[in-house]
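Everything below concerns the one structure shown next.
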Amino acid sequence: MERIDLDAADPGFAEALASQPGGERIAACFMCRTCVASCPISAVDRRFHPLRIIRLALYGLKQEVLASDFIWLCSSCYACQERCPQGVKISDFMTLLKNLAVKEGHVPRGIRAQLDLIREHGRIYPIDDFDNKKRNKAGLPSLPTSCDVVAKLA
Amino acid sequence: MNYALFLGCTIPARSRNYEMSARRVAEKVGLSLVDVEEFVCCGFPAKNSDREFSETLGGYNLALAQQRGMDICVLCSSCASALTETAHRLSSDPRARDRVNGRIAAAGLRYDGDVRVRHFARLLLEDVAPETITSRCERDLTDLRVAVHYGCHYLKPSEIYDGFDDVEAPDSVEALLRLAGVDVVDYPSKKMCCGGPVLPVDEKLALAVAHEKLTQLRDAGAEALCLVCPFCSVMYDGNQKGIESEFDESYGLPVLYLTQILGLAMGFGRKELGLNMNVVKTKKLLARYFE
Ligand code: SF4
Ligand code: SF4
């Protein structure tokens, strides 16, 4: 584990997180590691460690948390959140961090691409005439090949 | 009762076998599914990057169902969790509801917060009598050894699902398979995530997560894996070959949707259930029923 530099801390970060959905109970974490033990990603890659992310956030290490790739390895599986004895909404907290990271301009290419597809086509797999042909052949109804409404919703 | 069928993005484009088999089974047990062309993405893929936009998409879909006076039936677990979560937030948080209504007004819609969202498997359990299901099953599947992968969002977060199944000891999908007479196989990592959401971020890591489970399934002697989510299918069916070569394994484990297995029990043919579209070939496994 690399060293952390507490001088880089933003004292208001933890407080700002606590007022947003997912961040409410992070200060209640008592480091029991139930989340780590439940995490399917930690099980195959020790670099990913939900408790470490929570601690970094509580220390106010905003850049360290938001600019890291690690938050994006969370699969949002809720295994940790279902079990946390302190009621920390860990999965929702990871979602919150990812949203904040995007606002700061840190977003993996694959995730960005999905968002762009939805904004343009209303779906991550746009339907074309060829898809509809295959659908009809399978006895399934056609679906719209374009979607104007999402532009109005965004 | 009519249900608005919410297909989402993945199923109509990538999992026609799931859609075909679900429609067959629904008709057989008397669930009436209504197509709504205007539905857009459930919001799940946008949740990590822009949660408010994700809720707007969810609210738009919910409002379309409300306009038709119908509850929503979903086939994909990610759609289930995103739409259920948004429905919960919009009925419990007036500020979120006002924000979403401010957006969807541009499409001439408004959501007041009373649409129920349920997964197809849950509908089968809650809205169809067990005798109806057993009485429709005519093919004997007692020699088919099937293991179930529940996946994450079919059950979690539990706070939005009114406890319809037990997160730590799920049984709802197995209960349906038992009704159809299938031999259900247990294995240790039944509740483990498929790794799918990590695929666009770190493919190798995602495959490593799925590798764990496939190995356990082979060791447990499962002949097939049963799924209720098209995202999980991308991992176990679509990527099974890739996992085999990456980790030097050989599984050849057919991966079927719950509705394909139920449809099989109900006597439908291979093509009627799209069993010829599964990536890992199902022909050898099912030869005993079709020869
Ligand atoms: S399970 Fe909860 S209390 Fe325990 S370490 Fe994780 S977040 Fe902290
Ligand atoms: S939700 Fe994220 S942090 Fe929690 S167990 Fe799943 S992958 Fe790990």
Side-chain angles (χ1 to χ4, degrees), chain A residues 21-22 39-41 43-45 48 69 71-79 81-83 89 91-92 94-96 98-99 101-103 107-115 117-119 121-127 131-132 134-135 137-144 147 149-150 152-154, chain B residues 7-10 12-14 16-17 19-20 23 35 37-41 43 45-53 56-57 59-60 81 89 103-104 106-107 151-153 155-158 167-168 189 191-202 205-206 208-209 211-212 271-272 274 277:
Chain A
C39 179
I41 306 299
V44 293
D45 188 341
F48 182 76
D69 296 336
I71 50 176
W72 294 97
L73 297 182
C74 165
S75 78
S76 311
C77 75
Y78 292 96
Q81 179 160 322
E82 291 290 334
R83 291 182 184 162
K89 303 222 165 190
S91 320
D92 292 344
M94 296 292 165
T95 305
L96 170 61
K98 291 175 218 174
N99 269 254
V102 172
K103 286 200 179 117
V107 53
R109 222 176 324 129
I111 303 288
R112 169 96 249 163
Q114 289 192 338
L115 191 60
L117 281 168
I118 302 172
R119 289 205 169 121
H121 302 279
R123 36 179 76 239
I124 55 171
Y125 298 117
I127 298 283
D131 289 310
N132 273 331
K134 284 190 283 189
R135 288 181 57 77
K137 216 180 129 202
L140 302 171
S142 296
L143 286 168
C147 176
V149 78
V150 267
K152 293 189 215 158
L153 301 176
Chain B
L7 291 169
C9 306
T10 312
R14 300 278 179 102
R16 293 187 304 280
N17 50 354
E19 185 181 343
M20 291 161 72
R23 288 181 191 267
D35 286 286
E37 272 206 350
E38 293 91 331
F39 278 149
V40 296
C41 171
K47 189 176 157 191
N48 278 330
S49 40
D50 188 344
R51 197 175 56 86
E52 290 196 352
F53 178 50
T56 302
L57 292 169
Y60 172 75
S81 88
R89 193 181 308 274
R103 294 276 180 192
I104 67 176
C152 303
H153 301 114
L155 301 163
K156 296 177 283 186
S158 55
V167 167
E168 296 296 347
S189 62
K191 295 173 290 179
M192 202 172 102
C193 172
C194 70
V198 188
L199 205 56
V201 184
D202 185 336
L205 179 55
V209 175
H211 168 231
E212 284 272 320
K271 290 203 169 151
E272 287 176 303
M277 297 179 189

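Within every chain, numbering begins at 1; the chains are lettered A, B, ... in the order of the sequence lines, protein sequences first and strands thereafter.
Within the model, atoms OH of A/Tyr78 and NE2 of B/His153 stand 5.5 Å from one another, a figure rounded to the nearest 0.5 Å. Rounding to the nearest 0.5 Å places OG of A/Ser75 at 4.5 Å from CD1 of A/Ile41. A distance of 7.0 Å separates CZ in B/Arg16 from CG in A/Asp131, rounded to the nearest 0.5 Å. Interatomic distance, B/Cys193 SG to B/Lys156 NZ, rounded to the nearest 0.5 Å: 7.5 Å.
Between chain B and the options A/Ile118, A/Asp45, A/Asp92, heavy-atom pairs under 4.5 Å are most frequent for A/Ile118. Counting heavy-atom pairs closer than 4.5 Å to chain B, the top-ranked of the candidates A/Val102, A/Leu96, A/Leu153 is A/Leu153. Counting heavy-atom pairs under 4.5 Å between each of A/Pro126, A/Ala79, A/Ser142, A/Pro144 and chain B puts A/Pro144 at the top. Among the candidates A/Asp69, A/Leu117, A/Leu73, the residue making the largest number of heavy-atom pairs closer than 4.5 Å to chain B is A/Leu73. Highest contact tally toward chain A, considering only B/Val201, B/Asp202, B/Leu7, B/Thr56, is held by B/Val201 [criterion: heavy-atom pairs under 4.5 Å]. Of all the listed residues (B/Cys194, B/Ala46, B/Pro45), the one sharing the greatest number of non-hydrogen pairs under 4.5 Å with chain A is B/Pro45. With respect to chain A, the highest number of heavy-atom pairs below 4.5 Å among B/Glu38, B/Met192, B/Glu212, B/Glu168 belongs to B/Glu168. In terms of non-hydrogen atom pairs under 4.5 Å with chain B, the most contact-rich of A/Ala138, A/Ala113, A/Pro108 is A/Ala138. Contact count versus chain A (heavy atoms, under 4.5 Å) is highest, among B/Thr10, B/Asn17, B/Ile104, B/Leu57, for B/Thr10. Put simply, of B/Glu19, B/Glu37, B/Lys47, the one with the most heavy-atom pairs under 4.5 Å next to chain A is B/Glu19. Chain A forms more heavy-atom pairs under 4.5 Å with one residue of B/Ala208, B/Pro197, B/Pro157 than with any other, namely B/Pro157. In terms of heavy-atom pairs under 4.5 Å with chain B, the best-connected choice from A/Ala43, A/Pro40, A/Cys77 is A/Cys77.
Heavy atoms closer than 4.5 Å to chain A are found in the side chain of B/Lys191, but not in its backbone. For chain B, no part of A/Arg109 is nearby; none of its heavy atoms comes within less than 4.5 Å. Within the 4.5 angstrom heavy-atom criterion, only side-chain atoms of A/Ile127, from C-beta onward, approach chain B. Of the two parts of B/Leu199, neither the backbone nor the side chain holds a non-hydrogen atom closer than 4.5 Å to a non-hydrogen atom of chain A. Neither the backbone nor the side chain of A/Ser91 comes within less than 4.5 Å of any heavy atom of chain B. In this structure, the portions of B/Asn48 lying under 4.5 Å from any heavy atom of chain A include both its backbone and its side chain. Proximity to chain B is limited to the side chain of A/Cys147, based on heavy atoms less than 4.5 angstrom apart.
Partners of B/Arg51 according to the side-chain hydrogen bond (donor to acceptor under 3.5 Å, both in side chains) rule, which considers only residues two or more places apart in sequence or in another chain, are B/Glu55.
Checking side-chain atoms of A/Glu82 against main-chain N and O of B/Ser158 turns up a donor-acceptor pair under 3.5 Å. Using modelled atom types, no side-chain atom of A/Arg119 and backbone atom of A/Val150 make a donor-acceptor pair closer than 3.5 Å. In this structure a side-chain-to-backbone donor-acceptor pair under 3.5 Å is missing from A/Arg123 to B/Cys41. In this structure, the side chain of A/Lys98 engages the main chain of A/Cys74 through a donor-acceptor pair within 3.5 Å.
Closest heavy-atom contact between A/Lys152 and B/Ala106: CD-O, 3.6 Å.
A/Leu140 places a side-chain heavy atom less than 4.5 Å from the side chain of B/Arg23.
Within 6.0 Å of NZ on A/Lys134 lie more than 12 heavy atoms contributed by other residues, nucleotides or ligands.
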